Amino acid sequence: MSNQTVSPGALLAGRYRIAELLAEIDGARVWRAVDEVLSRAVVVDVLPVGDPRTNLLFDAARRAAAANDPRFLRVLDCDMHDGVTYCVREWAGGRSLERMLGTGPLTGQQAGWLAREVSEALENLHRTGYAHGAISPATVIITDAGAIKVVGVATEAALRSSGAGSPEEDVHSLGELLFASLTGRWPGPAPAWGLQPAPVEHGRLLSPRQVRAGVPRSLDDISDRLLGDPPRHHAPPITSAAGLSAALSGVVGSSHEPPNQMDETVQVARQNGSIDDATQVVPQAGPPALDPTPQPSYDSEPNGYRQPQPAYNTAAETRPVRRQTPPPSNGNGRRRHDEPKRKGSWGGRILILLAILALLSVIAMAQFLLKGAMNNDQDSGGSKSSAPPQTSTTPSVTSGPAKIVSAKDFDPEADGGNGEEHSEDVPNTYDGKASTTWQTQTYHNKPNLGGTKPGVGIVYNLGAKTSIASVAVALQGDDTSIQLMVPKGDTTKSPTSVSGWQAVDTKADQPEGTVTLTPQSPTESQYVLVYLTKLPKADGGFRGIISEVSIQK
């Protein structure tokens, strides 16, 4: 019997009835079969006669036997029959992550939970000294019950002749899997697993939050610690499955129950403190849920090899419903005729009357005191205005810090920007902590942002028109040029291009420390733009850093 003669209907080794060809990997064929002894579905990898991978497959099957975590699909048999090498493993009805990502990325809770399940399984395997060797979206299966199964421990690498792999390589591959789950893009230079490559900037992979809005910052940090070279913000890299499991458990919890509806996962994440406020600002379209609609066993995808089928429901939108207290009834939903309607109590009415009388007394007292003050002013020779008192709608000028309601990075595409300048770190500039910072992207060749645009910055929203006395900006790095800007014309609207702003103060080539910007004339505005036009030198280029901004009114 040869690989070519193994075909549907053939009985392999007198036990495994070949049913369907699932895939072909470099000449090796993967079949769905039925174990006629135990009457169960299995998957059979078949190598042709004389294939040089025969010994690799036997060795891989022995190493796979050490993988006793239930999330790994077990190797059941490995032998030769009529010169053909075959390896039998468990069947898992479900969908591969590769197929799921073909319809879009997962939610943060779903992606984090899935990666944690795989990392826990790998953690147990790595303790034995072995590695999977071929972790990818094609080897991770979500079953019809929503559980995670990992296909091809050691054997997948043997079929692909990619070597046994190492625990460190497994963890890096899992970082790629997490990135792809969060963004729907592959973190590599070329398309892979049906996904387009993720964007890079100056040779560095963008973080998931820069690729897709709404990715939780906590998972963004974990992804960067897995794939960043080196990780941003001097964070320690994650190089072990145990370290990754611990980090993900701190974000998505330790439950093995799969996330279901989007509303439910958000509630769980809030309880665990793992959902950032930024993820709740813009509602995202619900990606495919992890728990598929149950399908008949014959319609399931075996170990990720079957063509995708629409078996997933997107999470339904739910809204809170206020419960109304039902009126007393006579058993059929109607009010009893003999039941009087409720009336307000006399005690409540008396309290309202007393409150009105007290308010009138306060008004009368205020008028009396005001009249007395005016008379005193006339008696002492003070001047008085013959004009009637005026009312003003402009805000009163008071001293003290202005409250920053919100803030947003400013890098308009109309000015040559890409619309994104580390928006996730903008709140660090007004959190009252000097240790947290916002950084621009790194620009090369020239300190004036590489000559590609006039500047970048942060727009602060004060909530209402406010008198601006000064703005203190804590800078890191020497030779930063900075401008304080307010909108031209209507200062209650934030312009989308730098041409809509006007500078009210400019400081050039400032040393590291706090620089105070003061408007040259009285200025009132709801929006304030702190704009960097020249950046200090940083590793491999030029980068601006702001640690804290304080606005005085």
Side-chain angles (χ1 to χ4, degrees), residues 1-65 67 72-99 102 132-134 136-144 149-162 193-194 295-311:
M1 180 179 291
S2 68
N3 193 7
Q4 286 69 31
T5 59
V6 175
S7 58
L11 187 64
L12 180 62
R15 177 171 182 173
Y16 305 109
R17 182 69 64 183
I18 302 299
E20 178 186 10
L21 180 64
L22 302 176
E24 186 163 355
I25 305 174
D26 297 333
R29 292 185 176 181
V30 183
W31 298 90
R32 179 172 66 86
V34 176
D35 181 350
E36 294 193 339
V37 173
L38 298 178
S39 298
R40 62 179 179 182
V42 293
V43 175
V44 182
D45 301 322
V46 178
L47 292 178
V49 177
D51 193 290
R53 292 170 290 181
T54 295
N55 291 334
L56 292 177
L57 188 60
F58 279 137
D59 181 63
R62 285 189 289 269
R63 285 186 280 116
F72 289 124
L73 291 180
R74 295 178 301 155
V75 172
L76 304 174
D77 188 10
C78 193
D79 206 344
M80 294 184 68
H81 178 73
D82 290 344
V84 170
T85 303
Y86 66 91
C87 187
V88 182
R89 45 191 170 90
E90 288 182 299
W91 163 287
R95 297 292 182 272
S96 69
L97 179 61
E98 178 185 8
R99 302 300 189 195
H132 183 285
S136 73
T139 59
V140 175
I141 306 300
I142 296 85
T143 70
D144 293 340
K149 295 292 184 180
V150 181
V151 177
V153 178
T155 59
E156 186 80 8
L159 293 177
R160 298 182 182 276
S161 302
S162 57
W193 311 111
Q295 300 291 315
S297 59
Y298 59 83
D299 197 33
S300 297
E301 175 187 324
N303 305 288
Y305 294 113
R306 185 101 178 243
Q307 293 297 318
Q309 299 178 20

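Just so it is clear, the model here is predicted, and its values are computed rather than measured. Hydrogens, waters and symmetry mates are skipped; everything else that's a heavy atom, side chains included, is used.
- For the pair Glu98 (side chain) and Pro137 (backbone), a donor-acceptor distance under 3.5 Å is absent.
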Side chain to side chain contact (heavy atoms under 4.5 Å, CB included) evaluation trace for Arg15 with Leu38:
CA-CA 9 Å; Arg15 177 171 182 173; Leu38 298 178; 3.6 Å; yes
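- The CZ atom of Arg17 lies 10.5 Å from the CG atom of Leu12; values are rounded to the nearest 0.5 Å.
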*Can you check side chain to side chain contact (heavy atoms under 4.5 Å, CB included) on Val150 and Ile141, steps first, answer last?*
CA-CA 6 Å; Val150 181; Ile141 306 300; over 6 Å; no
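- Annotation for Asp82 and Val49: closest pair O-CG2, 4.0 Å, computed over non-hydrogen atoms.
- Going from atom CZ of Arg95 over to atom CG of Leu97 covers 13.5 Å, rounded to the nearest 0.5 Å.
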Show your reasoning for whether side chain to side chain contact (heavy atoms under 4.5 Å, CB included) applies to Val43 and Val30.
-> CA-CA 7 Å; Val43 175; Val30 183; 3.5 Å; yes
Donor-acceptor list for residues 55-63 side chains, cut-off 3.5 Å, not counting sequence neighbours:
unit_1	atom_1	unit_2	atom_2	d
Asp59	OD2	Arg63	NE	3.1

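- Going from atom CD1 of Ile25 over to atom CZ of Arg160 covers 4.5 Å, rounded to the nearest 0.5 Å.
- When all heavy atoms of Trp31 and Ser7 are compared, the pair lying nearest together is CH2-CA, 3.8 Å.
- The main-chain N or O of Val37 is found under 3.5 Å from a side-chain atom of Asp35 such that the two form a donor-acceptor pair.
- Partners of Thr85 according to the side chain to side chain donor-acceptor pair (under 3.5 Å) rule, which considers only residues two or more places apart in sequence or in another chain, are Thr54.
- Between Val6 and Arg29, the closest side-chain pair of non-hydrogen atoms is not below 4.5 Å.
- Formation of a donor-acceptor pair under 3.5 Å by the Ser161 side chain with backbone atoms of Arg53 is not found in this model.
- Residues Val88 and Val75 have side chains not in contact (no heavy-atom distance under 4.5 Å, counting atoms from C-beta outward).
- Remark: Ala67 engages Phe72, Leu125, Val153 in a side chain to side chain contact (heavy atoms under 4.5 Å, CB included) (not counting sequence neighbours).
- Distance CZ/Arg89 to CG/Asp77: 13.5 Å, rounded to 0.5 Å.
- Taking each heavy atom of Ala13 and His81 in turn, the nearest pair found is N-CD2, 3.5 Å.
- One finds the CH2 atom of Trp91 at 13.5 Å from the CG atom of Leu76 (value rounded to the nearest 0.5 Å).
- By the 4.5 Å heavy-atom criterion applied to side chains, Tyr16 and Tyr86 are counted as neighbours.
- The closest donor-acceptor contact from the side chain of His132 to the backbone of Val151 lies under 3.5 Å.
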